[in-house]
Amino acid sequence: MENKELNYTLGTKVMMKKSHPCGSNEWEITRVGADIKIKCLKCKHTVLIPRIEFNKKLKKIISEEV
């Protein structure tokens, strides 16, 4: 199992492994904590996911908000 430290900030754009029913798999992080809230960049739907589950479903980080 990988042991890399993943740090997320508000506004970070990420790509998930599975796509949303609207067809997009690009999301923006809108809340960070024990749970991570992400917003679909195509249809603006929001989802609240536990951090551990989010880390498993994450494919890659597209861009980080600085």
Side-chain angles (χ1 to χ4, degrees):
M1 179 151 189
E2 294 180 17
N3 198 9
K4 61 182 179 180
E5 186 66 29
L6 297 173
N7 292 317
Y8 314 109
T9 57
L10 295 180
T12 300
K13 291 178 179 42
V14 296
M15 182 179 289
M16 303 304 279
K17 290 180 182 175
K18 288 189 174 181
S19 60
H20 189 248
C22 74
S24 175
N25 64 347
E26 295 183 358
W27 300 78
E28 179 181 355
I29 296 176
T30 58
R31 179 183 181 274
V32 178
D35 296 325
I36 295 182
K37 190 176 198 176
I38 55 177
K39 178 175 69 173
C40 179
L41 293 177
K42 185 175 179 184
C43 70
K44 309 300 184 208
H45 181 78
T46 59
V47 179
L48 189 64
I49 305 174
R51 184 181 287 263
I52 294 170
E53 188 178 330
F54 177 81
N55 288 337
K56 290 178 186 175
K57 294 182 176 184
L58 179 68
K59 186 172 185 178
K60 70 176 184 177
I61 296 174
I62 299 170
S63 66
E64 293 188 29
E65 192 68 28
V66 179

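This is a predicted model, so every value here is computed, not measured.
Within the structure, side chain to side chain donor-acceptor pair (under 3.5 Å) pairs that include any residue of residues 33-49 do not occur (at least two apart or interchain).
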- Task: Apply side chain to side chain contact (heavy atoms under 4.5 Å, CB included) to Glu28 and Lys13, showing your working.
- Result: CA-CA 4 Å; Glu28 179 181 355; Lys13 291 178 179 42; 4.2 Å; yes
- Query: Under the side chain to side chain contact (heavy atoms under 4.5 Å, CB included) criterion, do Val32 and Phe54 qualify, and how do the steps go?
  - Reply: CA-CA 11 Å; Val32 178; Phe54 177 81; over 6 Å; no
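Within the 3.5 Å criterion, the main-chain N or O of Ile36 finds no donor-acceptor partner in the side chain of Arg51.
Residues Leu48 and Leu10 fall into different hydrophobic clusters, defined by Ile, Leu, Val, Met, Phe, Trp and Tyr side chains chained together at heavy-atom separations under 4.5 Å. The hydrophobic cluster containing Ile52 does not contain Leu58, counting ILVMFWY residues as joined when their side-chain heavy atoms lie under 4.5 angstrom apart, directly or transitively.
Checked against side-chain contact (heavy atoms from CB on, under 4.5 Å), Glu26 has the following partners two or more places apart in sequence or in another chain: Met15, Ser24, Leu41, Ile62.
Separation of atoms CE (Met16) and CD1 (Ile49) is listed at 4.5 Å; rounding is to 0.5 Å.
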